[in-house]
Engineer: 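Here it is, the structure in full.
The sequence lines fix the lettering, A, B, ..., with proteins before strands; numbering per chain opens at 1.
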2 protein chains.
Amino acid sequence: MKDREQPPAAPAPSAELAEAAARLRVLTGQLMRRLRAASEGTDVTLSQASALSRLDREGPATTVALARAERVRPQSMGATLAALEEAGLVERTPHPSDRRQAIMSLTEQGRLRLAEVRREREGWIAGALAERLDEREQAVVVEALGLLARLAEED
Amino acid sequence: MKDREQPPAAPAPSAELAEAAARLRVLTGQLMRRLRAASEGTDVTLSQASALSRLDREGPATTVALARAERVRPQSMGATLAALEEAGLVERTPHPSDRRQAIMSLTEQGRLRLAEVRREREGWIAGALAERLDEREQAVVVEALGLLARLAEED
DNA sequence: TATTGTTATACTCTATAACTATA
DNA sequence: TATAGTTATAGAGTATAACAATA
């Protein structure tokens, strides 16, 4: 499991970075399952919450734009938005000049539900960060999340 | 989105930590989808890779022990292991004294496949960390992943 | 032709419930 | 009774393929 030869030119993902990558993969799976478990009882699913959250942060958008931002297929986002629309959490308004497009936006009810969902779903993460880490460690995690978010959104 | 009053006693997840939690949730979803996309063509699924990886790191284990470690239900782990066994990547040997249990361990073929899978799946993460971050940032991410892994494995 | 969005279908992952076998 | 494991079934999430409407 160790590099035998370190090619001098290539950046050669070091053993440490390879291990970090492995840890990130494991962590991703665990967090996904924890988030899912924290959603129980809520009638807003993970993908729906993510779409709501983005509409709140970035304002109204089309299905395709949301799909690109969330890195899912338009069909998947379409299904997510259809469920949200049926629940009255988002609404669609026709695009003024392009009749193919529909602009999705949060309803007032959607905004309220989003606030609830955030409290329930992200509470334990924020709580764990607050309780189990000291201030320096918190700062490290906050900075790292910013860096990783940048990498994840890049192509 | 801001705390109006900071209750002096309660740790009161600060706005910054709440934002970090939100970012971690979004990041988790995006990484999950990227990892899944990177699995295409591979016939080892994400959960299977995760189980293989743990067997490699921690040695042979029973279904229930693996399920606990990965934070999934024994039934889910059972399905994962059954697929791996059918593919010849793990094998089961009866527990010497308790006939209910079966010890799962990596086969040689499993070890080889795991190495391949790691290269393919974690390569882009390790590559992105190596190429897009400077040394100090890499250190921050490495430390943060250690901290987050600790939180995710705690109850 | 290209883009937006929908419908139909299938697969992965995980869960709950109900069961058998063994301790 | 408690634990290890299996089988059956369901739901969330995503994907590909094929299509309709519009630009």
Engineer: Report the distance from atom CD of Gln101(A) to atom P of dA2(C), rounded to the nearest whole Å.
Structural biologist: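 Rounding to the nearest Å, CD of Gln101(A) and P of dA2(C) are 18 Å apart.
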Engineer: To the nearest angstrom, how far is Gln48(A) atom CD from dA12(D) atom P?
Structural biologist: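 Between P of dA12(D) and CD of Gln48(A): 9 Å.
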Engineer: Rounding to an integer number of Å, can you tell me how far Asp98(A) CG sits from dT3(C) C1'?
Structural biologist: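 Taking atom C1' of dT3(C) as the reference, CG of Asp98(A) is at 8 Å.
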Engineer: In whole angstrom, give the distance that lies between atom CG of Leu35(B) and atom C1' of dG13(D).
Structural biologist: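 Going from Leu35(B) (CG) to dG13(D) (C1'), I get 15 Å.
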Engineer: Atom CZ of Arg33(A) and atom C1' of dT14(C): how far apart are they, to the nearest Å?
Structural biologist: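 Atom CZ in Arg33(A) sits about 9 Å away from atom C1' in dT14(C).
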Engineer: Once side-chain contact (heavy atoms from CB on, under 4.5 Å) is applied, do any residues pair with Gln138(B), and if so which ones, sequence neighbours excluded?
Structural biologist: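 Gln138(B) satisfies side-chain contact (heavy atoms from CB on, under 4.5 Å) with Leu17(A), Leu133(B) once adjacent residues are dropped.
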Engineer: Apply side-chain contact (heavy atoms from CB on, under 4.5 Å) to the pair Arg118(B) and Asp56(B), showing each step before the final yes or no.
Structural biologist: CA-CA 12 Å; Arg118(B) 278 180 169 152; Asp56(B) 182 56; 3.3 Å; yes
Engineer: Any N or O donor-acceptor pair linking the side chain of Arg100(A) to the base of dT3(C) at under 3.5 Å?
Structural biologist: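 Such a pair exists between side chain and base.
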Engineer: Checking contacts here: which listed nucleotide (dG5(C), dT14(C), dA4(D)) is nearest the side-chain heavy atoms of Val72(B)?
Structural biologist: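 That would be dT14(C).
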Engineer: Reckon Thr62(B) touches a base, only the sugar-phosphate, or nothing at all at heavy-atom distances under 4.0 Å?
Structural biologist: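 It contacts sugar-phosphate atoms only.
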Engineer: Report the residue (Arg99(A) or Gln75(A)) whose heavy-atom-nearest nucleotide on DNA chain D is the more 5′ of the two.
Structural biologist: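 That would be Gln75(A).
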Engineer: Please pick, from dT22(C), dT16(D), dT7(D), the nucleotide with the shortest atom-to-atom distance to any side-chain atom of Arg73(A).
Structural biologist: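 Closest nucleotide among those given: dT16(D).
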Engineer: Hey, does the side chain of Ser76(A) come within less than 4.0 Å of dA15(D)'s phosphate (OP1/OP2), counting only N and O?
Structural biologist: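 Yes.
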Engineer: Send over the distance from Glu70(A) CD to dT14(D) C1', rounded to a whole Å.
Structural biologist: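 Atom-to-atom, Glu70(A) to dT14(D), this comes out as 13 Å.
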Engineer: Separation of Leu46(A) atom CG from dA15(C) atom P, in whole Å?
Structural biologist: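 To the nearest whole Å, that distance equals 13 Å.
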Engineer: List for me each residue that meets salt bridge (charged side-chain N to carboxylate O under 4.0 Å, His left out) alongside Glu108(A), sequence neighbours excluded, and say none if there are none.
Structural biologist: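 Salt bridge (charged side-chain N to carboxylate O under 4.0 Å, His left out) list for Glu108(A), sorted by chain: Arg111(A).
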Engineer: Carefully, step by step, assess Ile125(B) and Leu35(B) under the rule side-chain contact (heavy atoms from CB on, under 4.5 Å).
Structural biologist: CA-CA 9 Å; Ile125(B) 298 181; Leu35(B) 286 168; 4.2 Å; yes
Engineer: What is the distance, rounded to the nearest whole Å, between atom CG of Leu84(A) and atom C1' of dA12(D)?
Structural biologist: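 Those two atoms, CG and C1', are 14 Å apart.
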Engineer: Could you pick out which residue, Ile103(B) or Thr80(A), lies toward the 5' side of DNA chain D when each is mapped onto its nearest nucleotide?
Structural biologist: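 Its nearest nucleotide lies further toward 5', so the answer is Ile103(B).
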Engineer: Roughly how far, to the nearest 0.5 Å, is the CG atom of Leu46(A) from the CZ atom of Arg25(B)?
Structural biologist: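 Arg25(B) CZ to Leu46(A) CG: 8.0 Å, rounded to 0.5 Å.
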Engineer: Could you tell me whether Ala102(A) contacts a base, only the sugar-phosphate backbone, or nothing, with contacts defined as non-hydrogen atoms closer than 4.0 Å?
Structural biologist: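 It contacts sugar-phosphate atoms only.
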Engineer: OP1 or OP2 of dT6(D) versus the side-chain N and O atoms of Arg92(B): is any pair under 4.0 Å?
Structural biologist: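 Indeed, a polar side-chain atom of Arg92(B) lies that close.
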Engineer: Within the structure, does a side-chain N or O atom of Arg36(B) lie under 4.0 Å from either OP1 or OP2 of dT14(D)?
Structural biologist: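 So the side-chain polar atoms of Arg36(B) never come under 4.0 Å of the phosphate oxygens OP1 or OP2 of dT14(D).
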Engineer: Kindly say whether Leu89(B) contributes a backbone atom to a donor-acceptor pair with the side chain of Thr107(B) at under 3.5 angstrom?
Structural biologist: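 Yes, because the side chain of Thr107(B) sits within donor-acceptor range (under 3.5 Å) of the backbone of Leu89(B).
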Engineer: Give the nucleotide from the list dG5(D), dT6(D), dG5(C) with an atom nearest to the side chain of Thr63(A).
Structural biologist: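 That would be dG5(C).
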Engineer: Which part of the nucleic acid does Ser97(A) contact within heavy-atom distance under 4.0 Å: base, sugar-phosphate only, or nothing?
Structural biologist: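 Sugar-phosphate, no base atom in range.
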Engineer: Do the side-chain N or O atoms of Thr45(B) get closer than 4.0 angstrom to the phosphate oxygens (OP1, OP2) of dC13(C)?
Structural biologist: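 Yes, within the criterion.
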Engineer: Is the phosphate of dC13(C), meaning OP1 or OP2, less than 4.0 Å from a side-chain N or O of Ser47(B)?
Structural biologist: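 Looking at the OP1 and OP2 atoms of dC13(C), one of them is under 4.0 Å from a side-chain N or O of Ser47(B).
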